[in-house]
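Okay, so here's the structure we're looking at.
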Amino acid sequence: MEVFFYSVIGLAVLYGLILFGIVWKTQKKCECTHCRTAMHLERTNRPLYVRRFYDYLPLKFFRCRRCQRTFYLHKDTPDSEPESMKETAPKPKASYT
Ligand SMILES: [Zn+2]
């Protein structure tokens with residue numbers, strides 16, 4: 001019974017730590033913190049573990065094409081997806097997970 005108790009505590013701590021890591025990577029601005037650019041960012045799918053365990057977080061996932069760093073933005077934070085792309089290729093927003 002004790003083993004069960006400690007594994008539940010362990011999992012809860014792990015879950016909290018990963019959640020903290022995600023919040024830590026969430027930015028207020030759509031900008032790469034490493035190369036200070038807002039030009040080379042692309043929206044991409046969230047990692048599988050985020051989709052599975054943290055799906056309730058209202059986050060968008062971005063990757064910098066220059067340095068490959070990733071970060072999150074709150075759903076309501078405006079991003080800098082180019083206007084021209086929106087006109088020529090109207091991608092349904094729901095396709096991003
Ligand atoms: Zn970058």
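For ligands, and for the atoms within them, numbers begin at 1 and follow the listed sequence. For clarity, every value in this text was computed on a predicted model and none was experimentally measured.
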Value rounded to 0.5 Å, distance of CZ in Arg66 from CG in Leu41: 9.5 Å

Hey, mind stepping through Lys25 and Thr70 against side chain to side chain donor-acceptor pair (under 3.5 Å) and telling me if it holds? CA-CA 8 Å; Lys25 279 178 80 172; Thr70 56; 2.7 Å; yes

Near the Zn ion (ligand 1), which protein N/O/S atoms are found at less than 2.8 Å? Cys32 SG, Cys35 SG, Cys64 SG, Cys67 SG

Out of Phe4, Tyr6, Phe5, which residue meets the side-chain contact (heavy atoms from CB on, under 4.5 Å) rule with Val8? Phe4

With a 6.0 Å cut-off on ring centres, are Phe61 and Phe71 close enough? no

Cys32 side chain near Cys67 side chain, heavy-atom distance below 4.5 Å: yes

Using the rule given for salt bridge (charged side-chain N to carboxylate O under 4.0 Å, His left out), can you reason through Arg43 versus Asp79, listing the C-alpha separation, both sets of side-chain angles and the distance that settles it, and then say yes or no? CA-CA 9 Å; Arg43 176 134 185 223; Asp79 54 55; 5.2 Å; no

